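Everything quoted here is computed from the prediction, not taken from an experiment.
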Amino acid sequence: MRRRAADHNTQTGFTIIELLIATLIFSLLLIVMLAAFIRTGDLFYKGVSMSKTQEDARNVVQSISDDIQFTRGGPQPTSGGFCIGIHRYLYQLGTQVNGSNPGIERDNNGGNCVPANILPCGSGCVHMLDSGMQLNDITDYSSPTACQSGRCNVHIHVVFYGGSSNGLFTGSTTPTYQAKDAQCTGSLSDTSLCATVDYDSTVLENT
């Protein structure tokens, strides 16, 4: 009987070292899973930012292209923008879209292309960029090279960024976030809320 009691007392659970090793392994697994989760989130937000910016920029180019293609006379430059047929496009470069700056907007001018500030927008007003986006470049239709030989160039460069723009872009001019060729720079986590879109199209004028 005494021997059985002694054998029973020698049975033990996990040692402290074993518990520490198990805890370390579990912690490493959690770190790996957390890093993967964060990266997946960055990829998701990057994809959403790029998709929405592409969609808005494409819609702007399509709207201008349609007006050039189906309206006689071609683009007519005016103060703060240009007119094509009954549509007037007003824009402001290098300023992020917010409550006081729509970036680029289209209204109906009734065929009378009159100078105007970007605000207030007239009849049939459409704000063409979403919050956080910024128009950095668009075709200057006051230039004689914008439309030649019955063809018009439609160019637009749009950027999007959330939060501060510091160190977020590269470009040929300073500040880089306002450059006509601004591009997102840095790691995926740094640029998850950054997108740049550049569109070029050549449209036949309606003659």
Side-chain angles (χ1 to χ4, degrees), residues 1-63 91-105 118 126-138 154-201:
M1 293 295 294
R2 291 179 180 176
R3 186 173 181 179
R4 287 182 180 177
D7 290 342
H8 178 73
N9 291 335
T10 59
Q11 295 178 1
T12 59
F14 293 109
T15 65
I16 293 178
I17 294 178
E18 290 173 333
L19 288 174
L20 288 174
I21 293 174
T23 302
L24 178 61
I25 294 174
F26 183 70
S27 299
L28 290 175
L29 288 174
L30 282 179
I31 292 173
V32 171
M33 292 174 63
L34 180 61
F37 178 78
I38 293 174
R39 183 172 179 81
T40 301
D42 289 339
L43 286 170
F44 172 77
Y45 285 115
K46 181 71 173 180
V48 170
S49 300
M50 180 61 73
S51 177
K52 187 58 181 173
T53 306
Q54 287 178 335
E55 180 183 359
D56 281 12
R58 183 169 54 248
N59 288 340
V60 172
V61 171
Q62 188 63 56
S63 178
Y91 60 85
Q92 186 171 341
L93 297 177
T95 304
Q96 195 175 36
V97 172
N98 52 43
S100 60
N101 171 41
I104 180 170
E105 58 191 14
I118 195 165
V126 177
H127 291 180
M128 307 188 78
L129 297 179
D130 285 335
S131 179
M133 296 182 188
Q134 179 174 293
L135 181 66
N136 277 22
D137 193 25
I138 192 169
V154 183
H155 168 76
I156 189 172
H157 187 80
V158 178
V159 305
F160 166 83
Y161 56 95
S164 173
S165 61
N166 293 336
L168 201 57
F169 294 95
T170 58
S172 58
T173 59
T174 302
T176 53
Y177 75 95
Q178 292 181 328
K180 293 182 177 182
D181 58 349
Q183 297 294 329
C184 299
T185 185
S187 65
L188 176 62
S189 59
D190 292 335
T191 62
S192 60
L193 293 179
C194 176
T196 60
V197 175
D198 195 270
Y199 272 114
D200 274 290
S201 180

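- Within 6.0 Å of the CD1 atom in I17, the count of heavy atoms belonging to other residues, nucleotides or ligands does not exceed 12.
- The closest side-chain heavy-atom distance from L135 to I156 is below 4.5 Å.
- In terms of modelled atom types and a separation under 3.5 Å, the side chain of Q54 and the main chain of A195 share no donor-acceptor contact.
- With a 4.5 Å cut-off on side-chain heavy atoms, V197 and Y199 count as touching.
- Using modelled atom types, one side-chain atom of Q96 and one backbone atom of G132 make a donor-acceptor pair closer than 3.5 Å.
- In this structure, SG in C184 is found 6.5 Å from CE in M50, a value given to the nearest 0.5 Å.
- Between the side chain of E18 and the backbone N or O of T15 there is at least one donor-acceptor pair closer than 3.5 Å.
- Proximity of a side-chain donor or acceptor of N101 to a complementary backbone N or O of T95 within less than 3.5 Å is detected.
- Looking only at side-chain heavy atoms (C-beta outward), T53 and M133 come within less than 4.5 Å of each other.
- Counting heavy atoms from C-beta outward, Q134 and Y177 have side chains that approach closer than 4.5 Å.
- The ring pair (Phe, Tyr, Trp, His ring centres under 6.0 Å) test applied to Y161 returns F169, not counting sequence neighbours.
- For N59, the side chain to side chain contact (heavy atoms under 4.5 Å, CB included) partners at least two apart in sequence or on another chain are E55.
- Minimum heavy-atom separation, A182 to T196: O-CG2, 3.4 Å.
- Using a 4.5 Å cut-off on side-chain heavy atoms (C-beta onward), D130 and K52 make contact.
- Here the side chains of I104 and V60 are in contact, with some heavy-atom distance below 4.5 Å.
- How far CD1 of I25 is from CG of L20: 11.5 Å, rounded to the nearest 0.5 Å.
- Judged purely by distance below 3.5 Å, without hydrogens or angles, the side chains of N136 and H157 never pair a donor atom with an acceptor atom.
- Two residues are said to be in side-chain contact when any heavy atoms from C-beta on lie closer than 4.5 Å; H155 and D198 meet this criterion.
- Residue pairs satisfying the side chain to side chain donor-acceptor pair (under 3.5 Å) criterion with at least one member in residues 162-173, sequence neighbours excluded, are listed as follows: S164-N166, S172-D181.
- In this structure, CD1 in I31 is found 11.0 Å from CZ in F26, a value given to the nearest 0.5 Å.
- Within 6.0 Å of CD1 on I16 lie no more than 12 heavy atoms contributed by other residues, nucleotides or ligands.
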